[in-house]
Amino acid sequence: MKIFEYEAKTILAKYGIQTPKGGLATDVNQVREIASTLKPPLAIKAQVLVAGRGRSGGILFADSVSEAEKSAEKLLNMQIKGIPVRSIWIEEKIQVKNELYLGITIDRANRSYVAIASTVGGMEIEEVAAEAPEKVIKSLIKPQHGFRSFHARQMARKIGYSGSQLTTLGKIFEALYRVSMDYDTELVEINPLAETFDGKFVAADARIIIDDNALFRHREYKKRLLEGESELTPQELEAIRNNLAYVKLNGNIGVIGNGAGLVMATLDTIQFYGGKPSNFLDVGGGATSEKIAAALNIVLSDPNVKALFINILGGITRCDEVATGILKAKERVGVTKPIVIRLVGTNEEEGKRILTEVGIHVLESMEEAAQKVVKISKQEEER
Amino acid sequence: MGIIIDKNTHAIVQGITGTQGRFHTKLMLEYGTKIVAGVTPGKGGMQIHGVPVYDTVEAALEKHPANASIIFVPAIFAAEAALEALENGIKTIIIITEHIPIKDAVNVMTYAEQVNAVIIGPNTPGIITSEESKLGIMPAHIFMPGSIGMVSRSGTLTYEIAAGLTRKQLGQSTCLGLGGDPITGLNFIDVLKMFRKDPQTKAVVLIGEIGGNLEELTAEYIIKEKYPKPVVAFIAGRSAPPGKRMGHAGAIIMGKAGTAESKIKALRSAGVNVAEKPSDVAKSLARIIDI
């Protein structure tokens, strides 16, 4: 789960990392109040969770309170990559001598956490790593020892600092590690960490992603996720409530399947035959008919969907449960769009019988079914 | 033969009294797996499908020597269960549980590395050595004994491909899922090394997906070691958009890393036959085996 910049900065400040003085506003009056307590120039930053906010015009600068109001008004009426801006963070703009990158994330190949530092701040770290790998310093973190102050100092030295700046950077890095452990983060990064002309370090921007699977230890965020305060669409929320893995895509063929790998392969196969999937939806293992009905509801609520492909390979999932779920959904929401079903595995015969009785044809081959649904979607599109 | 588990594997089931634990204990017993005991704290003294239940792993092992454990414990307690098994000397642990926090998984993997234990999972369908032992939740009837080793990051997609192999009479030695999480125990390279040594395994099927760089590292390994057995691969997620988690916690393209394109390219440059569609895996293998 991504959290907002202002929340990330609030957490970092709590751990002793210097952040720019600022405040959060949801309307222009609040902007005026906050701006008048700060020393210009000011940075006015849209609080959205999409990447590339700066490039999309989500960060503006102002030299006075009235300019800040104008910028804020502009941002509050703006959508960034389709997400409306609901709040903005106003802070004192840092006079930057150097921009650094500090972060702690997961190193999957080494089954561990890794600390990353770079003298190239302000860019996506993957881009820096691709273009100038020598400018990215990494240090694997072994959980039995953690990330100690000497590790932090070693890294500070490798990016070219010494003396009191080295020890300060070390402390910032150590604090990041503590944030990472205390908040179960997948990623905590300060990018850029601004070095000022008087030799101090200030977190000019910060990003934190909390491990979704650890949200039970961080109930305040879990609660927010379920209340839909983090820019989720109604379909995404409905999916979370029903324990379904759902991702919206841009095509016109709705997809439901069991198992993440199988659903991904289903999307790929649809694309292989020239179709465009409208979503990823994995009902998981052992789905009940209720869950199947909820899944159909979510997928079919997308008006772009012209046809639906249900691909079930029953292991723990029982084909008869799936068939019953489809009938339930049909009764409840009156499914009118064409459905192509591929159903094999546990209780296959019973599942087929249930569906054939109401005139739904069931296929056995995933590829045959994919070709069929692509054809139907094209016919429907031409209507 | 096969790898990791065989007919000499004696296993305990941690979380045996839960719905999943109970259900799959029955199916594993039916397959012929030697399940010697179960563990659920507070439920010691019960029996599940004739298997005695204990409160702790220690107590179970005092009565029933075992060399493997399969874990069905809920995510919040699953890492604890794995540590309990490790501390009591079990060297092969299969973690079926999904949604274990990364921090907990890292702790388990670090400990396992120190004591030289093998962890499969978390979020894995488990492992099956055809007609010898099954420690997992996969439907057994789609597998048949043979010479193809299978290793995968996915569950149902593995069943899809395994069923395709079986239809073409291409039997399997051992088939295992690495798990769909970002942090897993075994990875592709570990398993390729094991298949290399297994005389029963003549060819390997590798089923990868978007996210991370394990497939790319595996390609490097295959080149470097001149891997002697043919490898056929399928990579799921060609159509996946960046930044979205496709069901598995580990299946996410971050920035430019982890795309299907990059993995397919790396594997092909290592001489791996990468299938376009799941059904092409069996077709490719049939050609290779004929030669």
Side-chain angles (χ1 to χ4, degrees), chain A residues 51 106 108-109 111-113 124-127 129-130 141-144 180-181 184 186-187 211-217 245 247-250 257-265 267-272 276-277 280-282 284-286 312-317 344-346 365-367 370, chain B residues 20 23 75-76 99-107 109-110 113-114 125 137-139 152-160 163 180 182-185 187 207 209-214 217 234 236-241 243-251 254-257 260 276-279:
Chain A
I106 313 296
R108 293 167 58 156
R111 306 170 181 102
S112 172
Y113 289 87
E124 290 282 330
I125 193 70
E126 292 99 343
E127 286 176 30
I141 300 171
K142 291 284 163 200
Q144 61 272 52
S180 170
M181 291 298 109
D184 276 285
E186 273 178 50
L187 172 75
D211 175 6
D212 287 344
N213 290 337
L215 285 176
F216 68 90
R217 293 199 275 250
V247 176
K248 171 88 181 77
L249 305 168
N250 297 319
N258 64 325
L262 184 69
V263 179
M264 265 190 274
L267 304 182
D268 296 347
T269 308
I270 289 173
Q271 191 170 286
F272 181 84
K276 292 195 184 77
F280 169 101
L281 197 154
D282 171 14
I312 301 289
L313 195 156
I316 341 176
T317 307
V344 293
T346 312
S365 148
M366 160 170 164
E367 281 146 36
Chain B
Q20 295 291 332
F23 178 67
I76 302 180
H99 300 308
I100 297 178
I102 291 170
K103 188 165 73 180
D104 302 3
V106 167
N107 278 334
M109 299 317 157
T110 308
E113 227 167 85
Q114 284 168 1
I137 60 173
M138 58 284 273
S152 172
R153 280 173 65 190
S154 135
T156 40
L157 180 56
T158 312
Y159 312 159
E160 175 84 41
I183 302 287
T184 60
N187 63 32
I207 303 165
E209 63 187 28
I210 54 163
N213 65 343
L214 290 177
L217 294 173
F234 179 81
R238 289 177 196 233
S239 56
K244 299 282 185 185
R245 234 172 256 286
M246 305 302 271
H248 286 152
M254 301 270 235
K256 284 178 185 147
E276 295 286 330
K277 306 191 295 298
S279 65

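Order of the sequence lines sets the chain letters (A, B, ...), proteins ahead of strands, with each chain counted from 1. Here the structure is a predicted model, which is why all the values come from computation and not from measurement.
Contact of T158(B) with chain A is not made at all, since no heavy-atom distance falls under 4.5 Å. Proximity to chain A involves both the backbone and the side chain of R245(B), based on heavy atoms less than 4.5 angstrom apart. Looking at L249(A), only its side chain comes within 4.5 Å of chain B, counting heavy atoms on both sides. With a 4.5 Å cut-off on non-hydrogen atoms, K276(A) does not touch chain B at all. For T110(B), the part sitting under 4.5 Å from any heavy atom of chain A is the side chain, from C-beta outward, and nothing else. Contact annotation for D211(A): only side-chain heavy atoms (C-beta onward) come within less than 4.5 Å of a heavy atom of chain B. The parts of A214(A) that come within reach of chain B are both its backbone and its side chain, each placing non-hydrogen atoms under 4.5 angstrom from that chain. In this structure, chain A has heavy atoms under 4.5 Å from both the backbone and the side chain of N187(B). Both the backbone and the side chain of L313(A) come within contact range of chain B, judged by heavy atoms closer than 4.5 Å. When heavy atoms are compared at a cutoff of 4.5 Å, I76(B) approaches chain A by way of both its backbone and its side chain.
The most heavy-atom pairs under 4.5 Å with chain A, out of R238(B), E160(B), M138(B), come from E160(B). Taking chain B as the reference chain and counting heavy-atom pairs below 4.5 Å, the highest number among A370(A), A260(A), A245(A) is found for A260(A). For the options P241(B), G237(B), G212(B), P139(B), heavy-atom pairs under 4.5 Å to chain A are most numerous at G237(B). Between chain A and the residues A163(B), P278(B), A105(B), the most heavy-atom pairs under 4.5 angstrom are made by P278(B). Residue with the most contacts toward chain A among G180(B), G185(B), G155(B): G185(B) (heavy-atom pairs, distance under 4.5 Å).
What you find for L214(B) and A109(A) is that their closest heavy atoms are CD2-CA, 4.1 Å. When all heavy atoms of H248(B) and G261(A) are compared, the closest pair comes out as CE1-N, 4.0 Å. Residues F216(A) and P101(B) come closest through the heavy atom pair CE2-CG, 3.6 Å. The shortest heavy-atom contact between T156(B) and N258(A) is OG1-O, 2.7 Å. Between A265(A) and A236(B), the closest heavy-atom pair is N-CB, 4.2 Å.
In this structure the side chain of M246(B) reaches within 4.5 angstrom of the side chain of L267(A), judged on heavy atoms. Using a 4.5 Å cut-off on side-chain heavy atoms (C-beta onward), M264(A) and S154(B) make no contact. Between Y159(B) and L262(A), every side-chain heavy-atom pair lies at or beyond the 4.5 Å cut-off.
The side-chain hydrogen bond (donor to acceptor under 3.5 Å, both in side chains) test applied to N213(A) returns H99(B), not counting sequence neighbours. The side-chain contact (heavy atoms from CB on, under 4.5 Å) search around N107(B) returns P143(A), not counting sequence neighbours.
Side-chain atoms of R108(A) come within 3.5 Å of backbone N or O of G250(B) as a donor-acceptor pair.
Of the inter-residue distances, the one linking F272(A) atom CZ with E276(B) atom CD reads 5.5 Å to the nearest 0.5 angstrom.
Looking only at atom types and distance, the side chain of D268(A) has a donor-acceptor partner in the side chain of S239(B) under 3.5 Å away.
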TODO: Evaluate the side-chain contact (heavy atoms from CB on, under 4.5 Å) criterion for residues E113(B) and R111(A): first the C-alpha distance (whole Å), next the side-chain angles of each, then the deciding distance (0.1 Å), finally the verdict.
DONE: CA-CA 10 Å; E113(B) 227 167 85; R111(A) 306 170 181 102; 4.0 Å; yes
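A salt bridge links D184(A) with K103(B): the closest approach of a Lys/Arg side-chain nitrogen to an acidic carboxylate oxygen falls below 4.0 angstrom.
Residue-environment remark: NZ (K244(B)) stays at or below the threshold of 12 foreign heavy atoms within 6.0 Å.
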